[in-house]
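Since the structure is predicted, the reported quantities are computational estimates derived from the model, not experimental observations.
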Amino acid sequence: MTIQHFLIFAAMLSATEIAVAQLHGNEPTQKGPAPGLTATEKQGGDWISYRNAYKLMIRFEKYGKPKQFIQNHYQVLPKDKSVTMEGLSLTLNGKLTHLNLSLDAVGRAVFPLLKSAYDENAELNLNRKASLYVFQARVSIIARADGVYEAEDLQAACEQALNYLRYAGDISQGEKKCAGVRFSYAKNANDAAVKFRTTAQVLTQMPVREGSAFPDDAMSTNAFKTVTYRFADWPEHGQIITQSAPIAIAALFE
């Protein structure tokens, strides 16, 4: 075999190995921002490939570092402020699978990791034009049922979120540090109250403002009532008390 023939054979073998790895969701590690799924990746009509979404979401399941305070959702967001989220629905449809993936107020859905849906590359369908929306993974902090958060736990949760995003390849977080967390409530909520309780049992209510649920969500700038707990503004030890369950709790990086 000549050197030229050997090089051609090696290139063909490498391409085959990559194709097989991609088929089984074991594609080589990518550098750079963690990819979302946009309408340009849909394969005809208003649907998104479940297999592509699966590869995006399985990263969190495979992540081996501490993550007990954080969660990962599949999120649908409008590309433009003129596009509404009202009445938006997402469904998973295949030969063997038919599921309604309920979207919460910030467009998040619990993503099912199903081998059958992956094997047949089922469709994720919107009831709107898919090209008007962005599809991505969204990491957030888990809300507690009792509404009481230790300050140290929220600091740890923020660190866990930041470490995971770096692991997932989000280079925009490379030099940033954890600054706090943001609690979000419906804009018409009357019980968006968050207080800090010191170790001496002194309660102080935090200010409520209008804003986006997540700092990078420019499409919903004033869509929610938000309360921002900045670590540097409060004692290191204490508790954060919420009067009602927030829609979302986001980590803040600066």
Side-chain angles (χ1 to χ4, degrees), residues 69-73 75-88 103-109 133-134 136-162 164-165 170 172-173 175-254:
F69 294 126
I70 60 176
Q71 59 191 345
N72 193 38
H73 287 91
Q75 187 179 35
V76 183
L77 286 175
K79 289 183 178 180
D80 187 271
K81 292 181 180 180
S82 64
V83 179
T84 181
M85 292 284 292
E86 186 175 354
L88 189 67
L103 298 172
D104 67 9
V106 291
R108 297 176 303 178
Y133 296 85
V134 173
Q136 62 185 24
R138 172 65 78 183
V139 173
S140 61
I141 297 171
I142 299 172
R144 286 184 56 88
D146 61 5
V148 179
Y149 304 81
E150 298 293 335
E152 295 92 338
D153 288 348
L154 287 179
Q155 292 166 17
C158 186
E159 292 290 345
Q160 288 182 7
L162 181 58
Y164 173 73
L165 290 174
D170 189 347
S172 67
Q173 311 301 342
E175 300 299 323
K176 293 185 178 181
K177 296 181 179 180
C178 282
V181 300
R182 177 179 298 175
F183 298 84
S184 297
Y185 296 85
K187 198 168 185 177
N188 60 354
N190 296 319
D191 53 359
V194 181
K195 300 178 180 180
F196 188 93
R197 182 163 63 194
T198 68
T199 54
Q201 304 302 307
V202 177
L203 278 172
T204 305
Q205 185 160 325
M206 300 181 184
V208 179
R209 297 184 173 88
E210 290 187 358
S212 60
F214 296 92
D216 61 347
D217 182 8
M219 294 302 102
S220 58
T221 305
N222 297 307
F224 301 94
K225 284 184 177 178
T226 66
V227 178
T228 298
Y229 161 53
R230 291 187 175 275
F231 304 143
D233 295 342
W234 299 90
E236 183 179 357
H237 304 290
Q239 293 178 323
I240 291 79
I241 315 295
T242 59
Q243 182 174 325
S244 60
I247 292 172
I249 308 176
L252 300 180
F253 314 123
E254 294 178 352

For the residue pair Tyr149 and Phe183, does the interplanar ring angle fall in the parallel (under 30°), tilted (30 to 60°) or perpendicular (over 60°) class? perpendicular
To the closest 0.5 Å, what do you measure between CE (Met206) and CH2 (Trp234)? 4.5 Å
Specify the closest pair of heavy atoms between Ala223 and Lys187, including all atoms of both residues, with the distance to one decimal. O-CB, 3.5 Å
Shortest non-hydrogen pair, Leu103 vs Ala109, comes out as CD2-CB, 3.8 Å
Distance check, rounded to the nearest 0.5 Å: Thr226 atom OG1 versus Glu210 atom CD? 8.5 Å
Out of Val208, Asn190, Val194, which one pairs with Tyr185 under the side-chain contact (heavy atoms from CB on, under 4.5 Å) rule? Val194
For the CG atom on Asp146, are there more than 12 heavy atoms of other groups (residues, nucleotides or ligands in this structure) within a distance under 6.0 Å? yes
Can you name the nearest heavy-atom pair linking Thr84 to Tyr133, along with the distance? O-OH, 2.8 Å
Side chain to side chain, Val106 and Arg138, heavy atoms closer than 4.5 Å: no
Pairs satisfying side chain to side chain donor-acceptor pair (under 3.5 Å), at least one member in residues 197-208, at least two apart: Arg197-Gln239
Of the options Lys177, Arg230, Lys176, which is the one that meets Glu254 in a salt bridge (Lys or Arg N to Asp or Glu O under 4.0 Å)? Arg230
Heavy-atom closest pair (Ile249 atom, Ala143 atom, distance to 0.1 Å) is CD1-CA, 3.9 Å
Quick one: which residue pairs count as a side chain to side chain donor-acceptor pair (under 3.5 Å) with a foot in residues 242-252, not counting sequence neighbours? Asp191-Ser244
Quick one: closest heavy-atom pair of Gly238 and Phe196, and the distance? CA-CZ, 3.8 Å
What is the distance from atom SG of Cys178 to atom CZ of Phe253, rounded to the nearest 0.5 Å? 5.0 Å
Nearest heavy atoms of Arg182 and Thr228, plus distance in Å: NE-OG1, 3.6 Å
Rounded distance [0.5 Å steps], CG in Leu162 versus CD in Gln160: 11.0 Å
Measure the CD1-OH distance between Ile70 and Tyr164 for me, rounded to the nearest 0.5 Å. 8.0 Å
Taking the side chain as everything from C-beta on, heavy atoms only, tell me whether Gln155 gets closer than 4.5 Å to Phe69. no
Distance check, rounded to the nearest 0.5 Å: Ile241 atom CD1 versus Lys195 atom NZ? 9.5 Å
